Participant: 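The structure is given below, and queries will be raised subsequently.
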Protein chains: 2
Amino acid sequence: MICKHVEALVGYTPGEQPRDSTVIKLNTNENPYPPSPRVAECVASFNTEKLRLYPDPVFLEVRERIAQIHGCSVTQVFVGNGSDEILALCTRAFVENNGSVGCFDPSYSLYRVLAEIRGVSCKPVQLKPDFTWNMPAEYAADLFFMTNPNAPTSMLHDPAQVANFCLSFDGVVLVDEAYGDFADQNCMDLAVAAGNRNTLVMRTLSKSFSLAGIRFGYVIGPEGLIAALYKIKDSYNMDMLTLKIGLAALNDLEYMQRNVSRIKASRAEMTAALRARGWKVCDSQTNFLFARPPEGKAQVVFDYLKQNKIFVRYFPGPMTGEYLRITIGTEEQCAALLVALGLCFEIDIYAPLT
Amino acid sequence: MICKHVEALVGYTPGEQPRDSTVIKLNTNENPYPPSPRVAECVASFNTEKLRLYPDPVFLEVRERIAQIHGCSVTQVFVGNGSDEILALCTRAFVENNGSVGCFDPSYSLYRVLAEIRGVSCKPVQLKPDFTWNMPAEYAADLFFMTNPNAPTSMLHDPAQVANFCLSFDGVVLVDEAYGDFADQNCMDLAVAAGNRNTLVMRTLSKSFSLAGIRFGYVIGPEGLIAALYKIKDSYNMDMLTLKIGLAALNDLEYMQRNVSRIKASRAEMTAALRARGWKVCDSQTNFLFARPPEGKAQVVFDYLKQNKIFVRYFPGPMTGEYLRITIGTEEQCAALLVALGLCFEIDIYAPLT
């Protein structure tokens, strides 16, 4: 009774969410700082009697604010129950049953899983060994997912390069700017541009706005593509209170930007500190580092940190297996990580565990 | 760039959500009473700093409570971003690309749209003219959606009949008990039964729990089918605060049941009042009536009520076009509706509008 391709699926493994609150959690790129005080006010003053009614199915109020922020029309804005929902909708709106989804390798590991869930082929493009841009001349797919800045590498693909790719590509390109607020440049202009026929740019409130707990992502692009997403979405995909919280956060960009600045300062310090200790650290344009410990024994360092209640992320595999992905935490968490790493290299962590 | 079947789609039209708060809104089967006071407490005491973290992707706490309520294991429980998400997931987990979705006609009009979105055929089974059970001997489909009590008819299919159907049916049966709490009987036993291989029973917090504003539905069934839904869901499909609110409501069943009793009392009064005025009213096991005004001129009454700021629902078509679907409101709203209908029949509303 279950579809064959679903039976065969392994599914996506999100980063661990430990119940132990003493863990230093640097494994899922959450923001270490709380959301805007306006979020707290919004929740505290919310009249829960309103919850008996359905939310606005096309969430006009929130779309108006997003359109204002990015200088586009409300018909160019779609809001999803997290960016994840938007990605999944794209695989159903823009990829026929015999079609294909493209993405870089390494990149966000969910993309492959989404192609599998959709039952279509995935056509990954391997980045260069230093994780920089690579694209075969004759490459084609129906939909290309591009995280930019990329994850887990933390590096930014040059927006000019992205723009050229979008121009020449026949399918739909979704630029996933989950980490866009932490970068020096972004691709939102491509989504908003008058002549744009195929480029969607997506944002989330999960990272820079400190709101991973509510599910709120949005995407901007050409009216026709956006209208296709509205046609196939669940009738009421967004929670009433989530919409209010999202709006409150989007009305306090200054607060978000101050948090981002603080994280970028920690990012610079952490990068310098690790490099001074012999690590290879990619130039991060995100709220995390992708870093190779001395001798590349990432798995050993990962295990050591975990034993010491510091969770980071490790992706086995030929391209990524010598690296760790480390979320930028608070100043205190960063310091604790450096202390642990110092101890980790003083004792012989590379000796086999007994 | 857009899939052919998506281009061809019209999409589902939810009932109107007027911005004018003076409207008496009896068009989307919302509960006229607010949710449990525990919901208000839960929201007021919620620490929004937690929203910086991702929610539990498999929402164990809420599943434990649901399993306790229905006497099943947590591995038999799936929670969705509204029942809508669960319905859509089922079309992808249990229907191959060349497969089919079944449902009754008339029933919840979304089912046809979901089959169209999935790009598979819909095989509706026409109920008898009095809206009672009908099933051709050789009927087959991969997935059958059955609202029970049915909407828009408000009538309950006998659980014994449903059980027989599930036994003989080769595909998956999803019994959509959105209105189950308003009925004298339900089919939850079928979902929980040890030998169950193909039956899912779904509930929502939108109706009896007065929580349409949050998106919270759940489904119970055999472990294997439930596991398939987990495999293909979005990684974090449920909002952290939504899960908390849902749990608060599920921890106060008594409050819900008191509201349900109140609505059932109004339902009995409204049914009697309309029948006394010459309406044909189906025996409702839901929080709404499906009722045929004298002479069957439902569209005219619908328009008259709308002009008088009372919104009900009208479904054109051969089976339903002589009926109106009227949500049971508060006692005051029910009285206002009867007054309006009285006026409506005193003046000659059947005369052409000028």
Side-chain angles (χ1 to χ4, degrees), chain A residues 1-4 6 9 11-12 14 17 28 30-35 39-40 43-44 46 48-57 81-82 84-85 88 92-97 110 117 119 171-172 198 210-215 224-225 228 230-232 234-237 239-242 245, chain B residues 1-4 6 9 11-12 14 17 28 30-35 39-40 43-44 46 48-57 81-82 84-85 88 92-97 110 117 119 171-172 198 210-215 224-225 228 230-232 234-237 239-242 245:
Chain A
M1 282 177 286
I2 298 167
C3 292
K4 286 197 191 72
V6 175
L9 264 179
Y12 173 72
Q17 298 289 343
T28 52
E30 287 143 339
N31 197 310
Y33 304 112
V39 166
V43 171
F46 183 75
T48 54
E49 297 202 1
K50 286 186 189 166
L51 291 178
R52 71 175 190 82
L53 297 172
Y54 281 100
D56 174 4
N81 184 43
D84 288 355
E85 185 191 26
R92 303 203 294 275
F94 309 128
V95 187
E96 298 281 4
N97 290 341
L110 180 69
I117 288 174
V172 172
N198 70 337
S210 312
L211 284 171
I214 65 165
R215 312 305 306 133
L225 300 185
Y230 279 102
K231 276 188 183 179
I232 65 165
D234 293 333
S235 357
Y236 297 96
N237 64 322
D239 215 280
M240 185 189 291
L241 188 46
T242 300
I245 292 173
Chain B
M1 284 177 285
I2 298 167
C3 291
K4 286 196 190 75
V6 176
L9 265 179
Y12 174 72
Q17 298 289 344
T28 53
E30 287 142 337
N31 196 310
Y33 304 113
V39 166
V43 171
F46 183 76
T48 54
E49 297 202 1
K50 287 187 188 164
L51 292 177
R52 71 175 190 82
L53 297 173
Y54 281 99
D56 174 4
N81 184 45
D84 288 355
E85 186 191 26
R92 304 204 293 276
F94 308 128
V95 187
E96 297 281 4
N97 290 340
L110 180 69
I117 289 174
V172 173
N198 71 337
S210 313
L211 283 171
I214 66 165
R215 311 306 306 132
L225 299 185
Y230 279 101
K231 276 186 181 180
I232 65 166
D234 293 334
S235 358
Y236 297 96
N237 63 321
D239 215 281
M240 186 189 292
L241 189 44
T242 301
I245 292 173

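Remember, it's a predicted structure, so these values are computed and weren't measured experimentally. Within every chain, numbering begins at 1; the chains are lettered A, B, ... in the order of the sequence lines, protein sequences first and strands thereafter.
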Participant: Quick one: what part of B/Tyr33 sits under 4.5 Å from any heavy atom of chain A, side chain, backbone, both or neither?
Facilitator: backbone
Participant: Could you check which of B/Thr28, B/Ile2, B/Leu51, B/Val95 has the highest count of heavy-atom pairs closer than 4.5 Å to chain A?
Facilitator: B/Leu51
Participant: Restricting to side chain to side chain contact (heavy atoms under 4.5 Å, CB included), what partner residues turn up for B/Asn198, sequence neighbours left out?
Facilitator: A/Met1, B/Cys166, B/Phe169, B/Val173, B/Asn196
Participant: With respect to chain A, which residue among B/Leu53, B/Val172, B/Val43 yields the maximal number of heavy-atom pairs within a distance under 4.5 Å?
Facilitator: B/Leu53
Participant: Which pair of non-hydrogen atoms, one from A/Asp239 and one from B/Thr242, has the smallest distance, and what is that distance?
Facilitator: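 Closest approach of A/Asp239 to B/Thr242: OD2-OG1, 2.7 Å.
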Participant: Heavy-atom distances under 4.5 Å only: say whether A/Pro57 touches chain B with side chain, backbone, both or neither.
Facilitator: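 A/Pro57 touches chain B through side-chain heavy atoms alone.
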Participant: Determine, step by step, whether B/Ile245 and A/Thr48 satisfy the side-chain contact (heavy atoms from CB on, under 4.5 Å) criterion, reporting the C-alpha distance in whole Å, the side-chain angles of both residues, the deciding distance to 0.1 Å, and the verdict.
Facilitator: CA-CA 10 Å; B/Ile245 292 173; A/Thr48 54; 6.0 Å; no
Participant: What are the two closest non-hydrogen atoms of A/Pro34 and B/Glu49, and how far apart are they?
Facilitator: CB-CG, 3.7 Å
Participant: Can you tell which of B/Ala93, B/Ala88, B/Ala40, B/Ala44 has the highest number of heavy-atom pairs within less than 4.5 Å of chain A?
Facilitator: B/Ala93
Participant: Which one, A/Asn97, A/Val39, A/Leu110, A/Asp56, leads in non-hydrogen pairs under 4.5 Å with chain B?
Facilitator: A/Asn97
Participant: When you measure from the side chain of B/Glu96 to the backbone N and O of A/Lys4, does any donor-acceptor pair fall under 3.5 Å?
Facilitator: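 Judged by distance alone, yes, a pair lies under 3.5 Å.
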Participant: For the interface with chain B, which of A/Asn31, A/Asn81, A/Leu211 has the highest count of heavy-atom pairs at distances below 4.5 Å?
Facilitator: A/Asn81
Participant: Output all residues satisfying ring-ring contact (aromatic ring centres under 6.0 Å, His included) with B/Tyr236, sequence neighbours left out; order by chain, then residue number.
Facilitator: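 Once residues adjacent in sequence are excluded, the partners of B/Tyr236 under the ring-ring contact (aromatic ring centres under 6.0 Å, His included) criterion are B/Tyr54.
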Participant: About how many Å separate CG of B/Leu241 and CD1 of A/Ile214, when rounded to the nearest 0.5 Å?
Facilitator: 9.0 Å
Participant: Stepwise, does the side-chain contact (heavy atoms from CB on, under 4.5 Å) test hold for B/Arg92 with A/Arg92?
Facilitator: CA-CA 11 Å; B/Arg92 304 204 293 276; A/Arg92 303 203 294 275; 3.2 Å; yes
Participant: Checking B/Lys50 side chain against A/Gly213 main chain: does a donor-acceptor pair fall under 3.5 Å?
Facilitator: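 A pair under 3.5 Å: no.
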